**Student:** 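Questions regarding the structure given below will be posed in turn.
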Amino acid sequence: MEKGVEMFQGFEPVYDSASRVLIVGSFPSVKSREQGFYYGNKQNRFWKMLSICFEEEIDDNIEEKKRFLHKNHIALYDAILESDIIGSADESLIKSNYKVASIDFLLPPNTKVEKIICNGKAAFNLLKDALRSDVQIICLSSTSSANPRFDIEEWKRELKFIQ
């Protein structure tokens, strides 16, 4: 790593033994890192999408978001543990130095995770080769505001099994 380059740490996973789905992003955006929690950029559709899918308001505070995730058996993590990314774009991630996270501890027998949903292609591409499990892994359209092809209907279909 170059001298003076800052490595950013990802967030701790949110999960418990009752988690049934694991949603994996790529790496926290600049706004998320500033706020200290997943999907902190107000323009990202993630929390609004979950609110619509589960027909429940989600307060904009970290503890309430964690409560919502636990209540709905959702585990949340990122495919990258640390990176020297500049900015937030996944394209910058590819050019950065990064360390892929291990997710084995988030899968059975530690949890009841039946499905891994990757929030976009970057997370999927990073995780698919590192995954050492037969848990189903799927790639859905990214909730990022930069993604014009976001499809909430596919998210509704894939999350329906835990409702």
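The residues of the chain are indexed from 1 along the displayed sequence. All values derive from a computational prediction rather than experimental measurement.
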**Student:** Can you tell me if S51 uses its side chain to pair, donor with acceptor, with the backbone of E56 under 3.5 Å?
**Tutor:** yes
**Student:** Tell me if the NZ atom of K115 is crowded by more than 12 foreign heavy atoms within 6.0 Å.
**Tutor:** yes
**Student:** Donor-acceptor pair, R20 side chain versus I74 backbone, under 3.5 Å?
**Tutor:** no
**Student:** Mind telling me whether Y39 and W47 have parallel, tilted or perpendicular rings, with 30° and 60° as the class edges?
**Tutor:** perpendicular
**Student:** Do E154 and E158 have side-chain heavy atoms sitting under 4.5 Å apart?
**Tutor:** no
**Student:** Give a yes or no answer on whether the side chain of N119 reaches the backbone of T143 with a donor-acceptor pair at less than 3.5 Å.
**Tutor:** yes
**Student:** Is there side-chain contact between L106 and S19, with at least one heavy-atom pair below 4.5 Å?
**Tutor:** no
**Student:** Scan side-chain atoms only and decide if N110 and Y15 contain a donor-acceptor pair under the 3.5 Å cut-off.
**Tutor:** no
**Student:** Do L127 and L76 sit in the same hydrophobic cluster, where Ile, Leu, Val, Met, Phe, Trp and Tyr count as joined when their side-chain heavy atoms come under 4.5 Å apart?
**Tutor:** yes
**Student:** Under 3.5 Å, is there a donor-acceptor pair between the D151 and S141 side chains?
**Tutor:** no
**Student:** Could you tell me whether the side chain of L107 reaches within less than 4.5 Å of the side chain of I116, counting heavy atoms only?
**Tutor:** yes
**Student:** I want to check something: taking the side chain as every heavy atom from C-beta on, are F27 and R33 in contact at a cut-off of under 4.5 Å?
**Tutor:** yes
**Student:** F46 versus I23: any side-chain heavy-atom pair under 4.5 Å?
**Tutor:** yes
**Student:** So L50 and L159, do their side chains get closer than 4.5 Å, heavy atoms only?
**Tutor:** yes
**Student:** Within the 4.5 Å heavy-atom criterion, are F11 and P28 side-chain neighbours or not?
**Tutor:** yes
**Student:** Decide whether V24 and W155 are clustered together by the hydrophobic rule: side chain heavy atoms of Ile, Leu, Val, Met, Phe, Trp, Tyr closer than 4.5 Å, transitively.
**Tutor:** yes
**Student:** Are F68 and F54 close enough that their ring centres sit under 6.0 Å apart?
**Tutor:** yes
**Student:** If you measure from the Lys or Arg side-chain nitrogens to the Asp or Glu carboxylate oxygens, is any gap between K66 and E12 under 4.0 Å?
**Tutor:** no
**Student:** Do the side chains of E82 and K99 get close enough for a salt bridge, i.e. N-O under 4.0 angstrom?
**Tutor:** no
**Student:** Is any side-chain heavy atom of I52 less than 4.5 Å from a side-chain heavy atom of K156?
**Tutor:** yes
